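One structure is given below, encoded as structure tokens.
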Amino acid sequence: MSGSPIGYGPAGWQVPDAPIIPFIEGDGTGPDIWRASQRVFDAAVHQASGGRRRIVWREVLAGEKAFRQTGSWLPDETVDAIRTHRVAIKGPLTTPVGTGIRSLNVTLRKLLDLYACIRPCRHYPGVPSPMKAPEKLDVVIFRENTEDVYAGIEFAAGSPEAARLREVLQGEFGKSVREDSAIGIKPMSRFGTERLVRKAIRYAEAHGLPSVTLVHKGNIMKFTEGAFRDWGYEVAAREFGGTTYREGEEGRPGASIRMQDRIADAMFQQLMLRPDEYSVLAMPNLNGDYMSDAAAAQVGGLGMAPGGNVGDGYAVFEATHGTAPKYAGLDKVNPCAVILSGAMMFEELGWEDVGRRIIAGVRGALEAKLVTYDIARQLPGATEVSTSTFADQIIQHLG
């Protein structure tokens, strides 16, 4: 089937009626999950458009399948295809051990400058949760994706690089570092911070959300995390002065988004004790990593956690869970992480009607209690079904 690449310009995404979207099915349970997810996506697009729109799927390789076929964990052809078509979706990938690639996911983010990791965390009725009132948590986390300790600037203990850096730190800056130390560097820039916070505020504007919270550890790391906080407030005042106001100030007419900040460890408690007071959270890389997983745990775990890595003109949406190889090929696992990531993808591209149908389908399947084993074993009255049958249930409830 013929299709056209997605474009990108000053007005945003330019999406044809038959866009070509590359997909990586993933390792382990990835093929089972992808087959189910693709059927849901195709049905939702067909229903929403009355058959006028469709997706032309193009498989590209990464992970174990790529290594078996090409000898590379992430072939150049895959990265080139995503650059050409701009938007892709992927299942879970194995992180290779003992090679130069620390993480295939991190590598894709760096190569395509996907600087915002976006993780919605909300509860769907019927999904088991350890919390008494999981429905109170409905947040979207914007995690900076390219800086912080994840920049990968570190040197092994005993290495010449660590010894030289230690000499510089002690001799030129008077900073004491133990001789047997490994040393890492934590870069955080105004540029990286501002574009992340800018995207978070725009999301709050587009979705009518009441607050953006800057989450940081600036009480200790004053020149990195403290700067993240200050730069976040500055970009809000400079570029969004008409729609944002600082916590503690009175909102001006038209200023509907409250800008506030929280220390990271305090925010962790707030997510559990007062989650309904927050909507959009923007934070540096490491804070966003653990905070998004902790929030996902409150609403059912990573099996219900979608994610998108979005830059300016490129985006890769992905399951946030692992590969679960012991269940590979058993048609058993929960496909919701990829399916809900697809809903995020369609929303990002302006096909909100498709995204809404997918979410309605997931809700309907959960309410019918015909669910995969991970949910069925904790949900009274539920019937355990296969991955493919669960996808059938979602499709039945798309309307």
Side-chain angles (χ1 to χ4, degrees), residues 23-41 59-69 73-74 88-99 101-109 117 119-121 124 126-130 289-290 292-309 316-345 358 362 365-366 370-379 382-394:
F23 72 90
I24 300 167
E25 63 179 8
D27 298 326
T29 56
D32 289 347
I33 292 171
W34 177 254
R35 283 191 293 271
S37 300
Q38 184 178 336
R39 289 198 295 116
V40 171
F41 299 154
E59 183 177 11
V60 294
L61 301 179
E64 293 175 345
K65 188 174 183 179
F67 190 74
R68 289 195 304 268
Q69 295 188 21
W73 291 94
L74 183 61
I89 188 167
K90 58 179 282 297
L93 290 176
T94 299
T95 297
V97 177
T99 73
I101 298 178
R102 294 172 183 242
S103 163
L104 295 174
N105 295 329
V106 171
T107 302
L108 277 171
R109 293 169 191 168
C117 179
R119 292 275 298 272
C121 295
Y124 291 87
V127 176
S129 166
D289 193 354
Y290 64 73
S292 57
D293 278 11
Q298 293 182 230
V299 295
L302 293 180
M304 296 299 299
N309 299 287
V316 177
F317 296 84
E318 63 179 352
T320 58
H321 56 69
T323 59
K326 70 177 181 178
Y327 295 119
L330 299 182
D331 195 28
K332 185 180 179 70
V333 296
N334 182 354
C336 279
V338 170
I339 290 173
L340 292 172
S341 295
M344 287 181 65
M345 177 181 73
I358 293 171
V362 170
L366 292 169
L370 295 168
V371 293
T372 49
Y373 83 98
D374 58 311
I375 300 174
R377 65 185 176 180
Q378 302 180 72
L379 182 59
T383 299
E384 180 180 330
V385 299
S386 65
T387 305
S388 51
T389 300
F390 185 54
D392 292 337
Q393 286 297 310
I394 294 174

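Residue numbers count from 1 along this sequence. The model shown is predicted, which means the values in this text are computed figures rather than measured ones.
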Applying salt bridge (charged side-chain N to carboxylate O under 4.0 Å, His left out) to Asp32 and not counting sequence neighbours gives Arg35
Partners meeting salt bridge (charged side-chain N to carboxylate O under 4.0 Å, His left out) with Glu318 (sequence neighbours left out)
Lys90, Arg109
Just to verify, what does Tyr373 make a ring-ring contact (aromatic ring centres under 6.0 Å, His included) with, not counting sequence neighbours?
Tyr327
pair Phe390-Pro335: side-chain heavy atoms closer than 4.5 Å:
yes
Closest approach of Met344 and Pro306, non-hydrogen atoms and distance?
SD-CB, 3.8 Å
The side-chain hydrogen bond (donor to acceptor under 3.5 Å, both in side chains) partners of Asp289 (sequence neighbours excluded) come to Tyr150
Does the side chain of Ser129 come within less than 4.5 Å of Val299's, by heavy atoms?
no
Applying side-chain contact (heavy atoms from CB on, under 4.5 Å) to Gln378 and not counting sequence neighbours gives Pro128
What I'd like to find out is whether the side chain of Ile339 reaches to under 4.5 Å of the side chain of Ile394, using heavy atoms alone.
yes
Is the side chain of Thr94 donor-acceptor paired with the backbone N or O of Gly63 at a distance under 3.5 Å, no angle test?
no
For a 4.5 angstrom cut-off between non-hydrogen side-chain atoms, does Ile89 reach Phe41?
yes
If you compare all heavy atoms of Val362 against all heavy atoms of Cys336, which two are closest, and at what distance to 0.1 Å?
CG1-SG, 4.1 Å
Stepwise, does the side-chain contact (heavy atoms from CB on, under 4.5 Å) test hold for Val385 with Gln393?
CA-CA 10 Å; Val385 299; Gln393 286 297 310; 5.6 Å; no
Arg39/Asp392 under side-chain contact (heavy atoms from CB on, under 4.5 Å): CA gap, chis, key distance, verdict
CA-CA 9 Å; Arg39 289 198 295 116; Asp392 292 337; 2.8 Å; yes
So, does Ser341 use its side chain to make a donor-acceptor pair with the main chain of Gly307 at under 3.5 Å?
yes
Residue list, side-chain hydrogen bond (donor to acceptor under 3.5 Å, both in side chains) with Gln38, at least two apart or on another chain:
Trp34
Those residues at least two apart in sequence (or on a different chain) that pass salt bridge (charged side-chain N to carboxylate O under 4.0 Å, His left out) with Asp331 are none
Is there any salt bridge (charged side-chain N to carboxylate O under 4.0 Å, His left out) pair reaching into residues 382-391, and which pairs are they, with sequence neighbours excluded?
Lys332-Glu384
Under the rule for side-chain hydrogen bond (donor to acceptor under 3.5 Å, both in side chains), what residues qualify as partners of Asp374, not counting sequence neighbours?
Asn334, Thr372
When rounded to the nearest 0.5 Å, the distance separating CZ of Phe67 from CG of Leu74 is 13.0 Å
Residues which pass side-chain contact (heavy atoms from CB on, under 4.5 Å) with Pro92, listed by chain and number, not counting sequence neighbours:
Ala319, His321, Thr323
Contact summary for Ile375 and Gly126, nearest pair of heavy atoms
CG2-O, 4.1 Å
Contact summary for Val338 and Gly91, nearest pair of heavy atoms:
CG2-CA, 4.3 Å
State the OG-CG distance between Ser386 and Leu370, to the nearest 0.5 angstrom.
10.5 Å
Minimal heavy-atom distance between Leu366 and Tyr124, with the atoms involved, is CD1-CB, 3.5 Å
Set of residues satisfying side-chain contact (heavy atoms from CB on, under 4.5 Å) with respect to Ala295, sequence neighbours excluded:
Cys121, Leu137, Ile141, Leu271
Partner set under side-chain contact (heavy atoms from CB on, under 4.5 Å) for Ala305, not counting sequence neighbours:
Arg119, Ala296, Leu302, Thr320
Here the gap from Trp73 atom CH2 to Lys65 atom NZ, rounded to the nearest 0.5 Å, amounts to 14.5 Å
Which atom names give the shortest non-hydrogen contact between Ala297 and Pro130, and what distance separates them?
O-CD, 3.5 Å
